[in-house]
Amino acid sequence: MARGTWRHSVCPHDCPSTCALEIEVLGPDRIGAVRGAAANTYTSGVICAKVARYAERIHHPDRLTQPLLRTGPKGSGQFRAIGWDEALDRVAAGLSDIAARHGTEAVWPYYYAGTMGLVQRDGIHRLRHVMRYSRQHDTICTSIATAGWLAGAGAIRGPDPREMAVSDLIIVWGGNPVATQVNVMTHIARARKERGAKLVVVDPYRTGTAAVADLHIAPRPGTDGALACAIMHIAFRDGYADRPYMARYADVPEELEAHLATRGPDWAAGITGLPVATIEEFARLYLTTERAYIRVGYGFSRLRNGAANLHAVSCLPTVTGKWVHEGGGAFWNNRHIYHWDKTLIEGLDAVDPSTRRMDMSRIGAVLTGDRTELGDGPPVHALFIQNTNPVTVAPDSLRVRRGFLRDDLYTVVHEQFLTETARMADIVLPATMFMEHDDVYQAGGHSHIQIGPKLIEPPGACRSNHAVICDLAHRLGARHPGFDMTEMEMIDATLRASGWPGAEEVLARHWIDCQPDFRTSHFLDGFGQPDGRFHFKPDWSRIGPDHAGMPVLPDHHAIIDESGADLPFRLVAAPARQFLNTSFTETPTARRREGKPRAIVHPEDAARLGLVEDGLVRLGNARGEVVVHVRIAEGAQAGVLVVESIWPNADFPGRVGINALTSDDPAPPLGGAVFHDTAVWARAESAALAEAAD
């Protein structure tokens with residue numbers, strides 16, 4: 001049987017790996033197998049199972065293929081098909097009418113990272129800026145970690161992630177790459193095989209990565225800063241602090257040493273719940289290994305004190321001087337190495353800074369009239385949504401749902417499936433997937449720029465984000481050069497404006513490796529601070545507005561949602577291995593392998609609550625209640641519950657998903673959603689369940 005032609009592409013999903021792909025194209029509108037590009041030195045031919053079976057997703061029978069107009073109540077899923085001209089005319093008329101009656105800020109274009117392509121993801125800003133619609137503070141994923149990394153290093157870059165392969169110790173701290181960044185494990189496996197390297201995982205529960213580690217450290221959620229401080233205390237105590245390095249590269253090593261004198265293993269044990277012996281063992285392993293590489297994960301970006309915690313962890317290679325070694329130092333993200341000029345894509349030349357900017361993580365507060373977000377402007381009367389599913393993924397989801405059900409809210413959703421957010425829409429527009437349009441990608445977890453060209457035709461009447469934005473702009477009378485360019489023209493112009501080769505050369509080469517030289521990557525010519533030094537003592541006021549109360553020096557920042565008598569459990573809502581946000585929750589194999597939502601409960605807690613395997617437990621706090629099946633397992637401390645998600649609300653026994661419990665409190669100093677920082681009560685569930693939310 002004849003097979004197809006193999007073509008180059010790029011994984012677009014919200015994952016730092018941004019894998020280089022090879023796609024088997026079987027015909028003008030069909031793909032076969034998907035594999036990693038072996039020639040790419042980061043992807044190295046390995047991709048996650050989610051993407052390897054992408055044919056299931058792109059050819060799914062439930063894909064949206066035509067515009068829809070709501071005919072029944074919001075959320076009912078009752079729509080009728082309409083044509084594109086009617087759909088876009090209706091959208092333009094609706095947005096124009098609302099802007100005329102309430103002001104342009106009453107329209108809020110809302111987006112995030114359903115695709116990581118710069119053109120298809122970020123073009124919505126061009127429409128926002130030209131039309132003076134409300135701006136968006138992008139907080140739902142990285143703002144907390146961004147603040148923590150910038151506090152010390154001052155620039156978002158680090159040692160080449162491929163250097164893990166020549167490390168003797170890799171510490172995965174606050175991440176689960178087996179599920180979320182599979183290529184990290186490729187380079188770790190090489191180090192373990194060729195060098196006998198050790199893998200340590202610091203995570204509140206036994207993830208898939210922790211299960212294969214040489215040592216799993218499971219602190220209470222939100223106590224990583226205390227653990228890092230204790231390791232630094234031991235470094236000073238036992239003579240492992242690199243004083244000459246700090247004298248050259250750090251700001252206040254003497255102040256730090258004095259500060260840490262009272263923050264030893266006994267102090268940290270009381271906060272983290274870890275035995276003193278475990279803290280000492282971990283410290284000894286790290287302090288006696290020169291080539292020790294800390295791979296910082298995105299778990300830090302899910303906690304109220306995550307910025308302070310990440311800053312404390314990033315101090316470790318500075319205290320010990322490990323930045324100077326190949327395979328040593330710490331890495332979170334490579335964002336700053338690309339120096340993009342996104343004026344054309346985002347319409348940055350049209351920004352009106354007086355237009356209000358609202359926190360995307362607080363969409364529930366915005367839609368229910370909270371003046372801390374709305375300011376003195378109008379309520380939001382129109383949403384135009386691309387690349388995200390906030391009814392499921394945003395915190396305080398019952399409040400989000402109430403906001404979406406407002407009769408005076410006009411909602412347009414451009415989507416690939418009829419998600420729970422799309423079901424709330426007045427008009428739904430069918431979207432392309434990544435092999436059906438052109439785009440350009442940067443990597444966060446490695447160092448490559450790649451172009452993913454259009455390979456096949458989309459089904460039905462699907463249109464790309466760029467096409468819809470441009471068509472809508474023309475109907476609204478919006479003027480900007482970007483609205484009159486093709487996707488590939490935008491890609492080429494942006495590459496050249498940013499100092500990179502043009503699109504033709506990037507396509508021919510498949511990727512451009514942008515990793516800086518060793519000295520730059522390891523900060524050997526100075527850190528990204530104005531004084532060139534790593535800051536143990538950050539100026540938090542330069543990083544975010546909510547800086548009051550941030551620790552002066554690395555510390556345990558005691559602002560987490562602590563458990564107590566009324567709320568005795570700490571809840572972590574971590575990603576499920578087969579899903580990525582909600583992008584793969586429709587895929588049959590992913591759903592079959594995950595089974596159903598479950599709460600992982602420590603055996604001691606299960607016995608005390610009378611829970612049984614696969615029974616039901618009800619979790620709750622002031623925001624809501626969630627019923628979920630039980631899985632009894634060790635691997636976390638007693639008092640810690642884990643619900644791997646993000647399953648749609650409808651998949652939970654009570655049809656209320658886990659984000660009903662999570663808070664939309666903004667984490668200091670820059671904002672951010674605190675999905676892993678939730679206190680709850682728990683009890684065995686035996687009563688009949690309600691069939692609908694709220």
Side-chain angles (χ1 to χ4, degrees), residues 139-140 144 204-205 220-222 299 301-306 361-365 367-368 370 389-404 420-421 559-576 579 581-582 585 596-602 605-606 609 611 616-631 636 639-667 672-685 687 689-690 692-694:
T139 60
I140 205 162
I144 301 172
Y205 80 109
R220 293 181 184 131
S301 222
R302 311 288 182 259
L303 296 156
R304 287 172 177 80
N305 63 356
S361 298
R362 307 200 71 237
I363 185 173
L367 296 183
T368 54
D370 189 332
N389 181 17
V391 171
T392 303
V393 307
D396 201 359
S397 62
L398 294 180
R399 191 179 187 186
V400 174
R401 179 181 172 85
R402 289 195 296 273
F404 268 88
E420 290 176 319
T421 301
I559 60 167
I560 58 176
D561 192 12
E562 291 280 11
S563 56
D566 295 332
L567 301 169
F569 294 94
R570 292 272 288 152
L571 172 67
V572 174
F579 301 153
N581 303 315
T582 60
T585 55
K596 56 190 172 186
R598 293 176 183 270
I600 303 172
V601 184
H602 191 280
D605 295 325
L609 294 171
L611 302 177
L616 295 175
V617 61
R618 182 177 290 267
L619 313 176
N621 57 24
R623 286 175 288 277
E625 299 181 10
V626 173
V627 177
V628 63
H629 287 269
V630 173
R631 178 161 74 88
V640 176
L641 304 175
V642 179
V643 178
E644 294 181 328
S645 220
I646 303 172
W647 286 89
N649 292 283
D651 285 307
F652 285 77
R655 303 183 67 82
V656 177
I658 199 62
N659 280 325
L661 306 179
T662 58
S663 170
D664 69 354
D665 289 350
V674 294
F675 292 110
H676 299 178
D677 193 352
T678 306
V680 297
W681 50 258
R683 66 169 183 257
E685 175 66 21
L689 299 176
D694 206 359

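All values below come from the heavy atoms of this structure, side chains included, with hydrogens, waters and symmetry mates left out.
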>> Against T678, only a single residue in V572, V643, N621 fulfils side chain to side chain contact (heavy atoms under 4.5 Å, CB included); can you say which?
In response: N621

> So which heavy atom on P653 is nearest to which on L616, and how close?
Replying inline: CG-CD2, 3.9 Å

> Between CG of L611 and CD of E685, what distance do you get to the nearest 0.5 Å?
Replying inline: 11.0 Å

>> Do P597 and H629 make a side-chain contact, defined as non-hydrogen atoms from C-beta onward lying under 4.5 Å apart?
In response: no

>> Could you measure the distance from the OG1 atom of T368 to the CZ atom of R401? Nearest 0.5 Å is fine.
In response: 14.5 Å

>> Just so I know, are the side chains of N649 and E420 near enough to count as touching, which here means a heavy-atom distance under 4.5 Å?
In response: yes

>> Between V627 and F652, is there a side-chain heavy-atom distance shorter than 4.5 Å?
In response: no

>> Which heavy atom of N659 sits nearest to which heavy atom of A394, and what is that distance?
In response: CB-O, 3.4 Å

> Taking all non-hydrogen atoms of both residues, which atom of V656 and which atom of A660 are closest, and how far apart?
Replying inline: CG1-CB, 3.5 Å

>> Apply side chain to side chain contact (heavy atoms under 4.5 Å, CB included) to residues V601 and F569 and explain how you reach the verdict.
In response: CA-CA 10 Å; V601 184; F569 294 94; 5.8 Å; no

>> Give me the atom names and distance for the closest heavy-atom approach of L619 to A682.
In response: CD2-CB, 3.7 Å

>> Are the side chains of R570 and D677 in contact, using a 4.5 Å heavy-atom criterion?
In response: yes

> Checking side chain to side chain contact (heavy atoms under 4.5 Å, CB included) for the pair I600/L641: CA distance, chi angles, key distance, verdict?
Replying inline: CA-CA 6 Å; I600 303 172; L641 304 175; over 6 Å; no

> Are N389 and T421 close enough that a side-chain donor and a side-chain acceptor fall under 3.5 Å?
Replying inline: yes

>> Applying side chain to side chain contact (heavy atoms under 4.5 Å, CB included) to S663 and R304, what does each step give before you reach the verdict?
In response: CA-CA 10 Å; S663 170; R304 287 172 177 80; 3.4 Å; yes

> Side-chain contact, heavy-atom cut-off 4.5 Å: P390 with F404?
Replying inline: yes

> Taking all non-hydrogen atoms of both residues, which atom of W681 and which atom of P568 are closest, and how far apart?
Replying inline: CA-CD, 3.9 Å

> So, the side chain of H676 versus the backbone of L303: is there a donor-acceptor pair under 3.5 Å, distance only?
Replying inline: no

> Rounded to the nearest 0.5 Å, how far does OG of S397 lie from CD1 of I658?
Replying inline: 9.0 Å

>> Going by the rule ring pair (Phe, Tyr, Trp, His ring centres under 6.0 Å), which residues pair with F675 if we only count those two or more places apart in sequence or in a different chain?
In response: none

>> Assess the residue pair D370 and R399 against the criterion (salt bridge (charged side-chain N to carboxylate O under 4.0 Å, His left out)); give the C-alpha distance rounded to whole Å, side-chain angles, the decisive distance to 0.1 Å, and a yes or no.
In response: CA-CA 11 Å; D370 189 332; R399 191 179 187 186; 3.6 Å; yes

>> Do I646 and T585 make a side-chain contact, defined as non-hydrogen atoms from C-beta onward lying under 4.5 Å apart?
In response: no

>> Treating D651 as the side-chain partner and K596 as the backbone partner, does any N or O pair qualify as donor plus acceptor under 3.5 Å?
In response: no

> Are D664 and S361 close enough, and set up right, to give a side chain to side chain contact (heavy atoms under 4.5 Å, CB included), and what steps lead you there?
Replying inline: CA-CA 6 Å; D664 69 354; S361 298; 5.6 Å; no

> Looking at I560, D561, V640, which one forms a side chain to side chain contact (heavy atoms under 4.5 Å, CB included) with P221?
Replying inline: V640

>> For a quick test of reading the model, state the closest non-hydrogen atom pair linking P395 to T662 and the distance between them.
In response: CA-OG1, 3.4 Å

